Amino acid sequence: MTKTDASEDWSVTALAQQNIDVSKRGKHIWKVRIDRGIYQMIGVASSTLDQNEFCNHANSVGWFFYTANSAVYHENKTVPYAPTGQLPEGTVIGIHLDLDERTLSFSVDDKMLGVAVKNLPLEKFPTLTLACCLYWSGTEVTIVE
């Protein structure tokens, strides 16, 4: 298990221990538990992500599920995604990256929410990683799988 927390007003972390080479295809699944706080953006990003760009919702290097409103964010767009509302502490978010189908999906406590992003432009990102933006000091998450 890998645990991370926000030590300042916001913090960006590449949570995965390794980058995913998208040319190898396949399916990748991570599970992240919300330990403390309710404002996290969890998803996948280019391994070259800019930490300042990442947390301002205008990021163009990744796709993220926002635990406060269950929407998906990318390139300054907010897309309503799941009717789960704000997710409480203890919730486990699944991040499902399918490089064969070029899709990204999420689950909440093992309940699949459906495909969030189709036709991922993998040619733009040779490597992807699990990433998280934590808002507010003391916010914590843990990779559980």
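Treat the numbers as computed from the prediction; the structure is a model and nothing was measured.
- When all heavy atoms of S70 and L87 are compared, the closest pair comes out as OG-CG, 4.3 Å.
- L128 and V115 are members of different hydrophobic clusters when ILVMFWY side chains are connected at heavy-atom separations under 4.5 Å.
- Panel note: side chain Y81, backbone F106; a donor-acceptor pair is recorded below 3.5 Å.
- Remark: I93 CD1 to R33 CZ distance equals 12.0 Å, nearest 0.5 Å.
- Between the side chain of D100 and the main chain of G26, a donor-acceptor pair closer than 3.5 Å is present.
- Here the straight-line distance linking atom OG of S105 with atom CG of L97 works out to 9.5 Å at 0.5 Å rounding.
- Formation of a donor-acceptor pair under 3.5 Å by the Q86 side chain with backbone atoms of T67 is not found in this model.
- Rounding to the nearest 0.5 angstrom, the gap separating the OG1 atom in T127 from the NZ atom in K24 is 11.5 Å.
- Hydrophobic cluster membership is shared by V44 and L122, with clusters built from Ile, Leu, Val, Met, Phe, Trp and Tyr side chains linked at under 4.5 angstrom.
- Atoms CH2 and OG1, from W63 and T103 in turn, are 12.0 Å apart once rounded to the nearest 0.5 Å.
- Rounding to the nearest 0.5 angstrom, the gap separating the NE2 atom in H74 from the CG atom in L120 is 8.5 Å.
- Scored by the salt bridge (Lys or Arg N to Asp or Glu O under 4.0 Å) test, R102 finds E123 as partners (sequence neighbours excluded).
- When all heavy atoms of D21 and S23 are compared, the closest pair comes out as OD1-OG, 2.7 Å.
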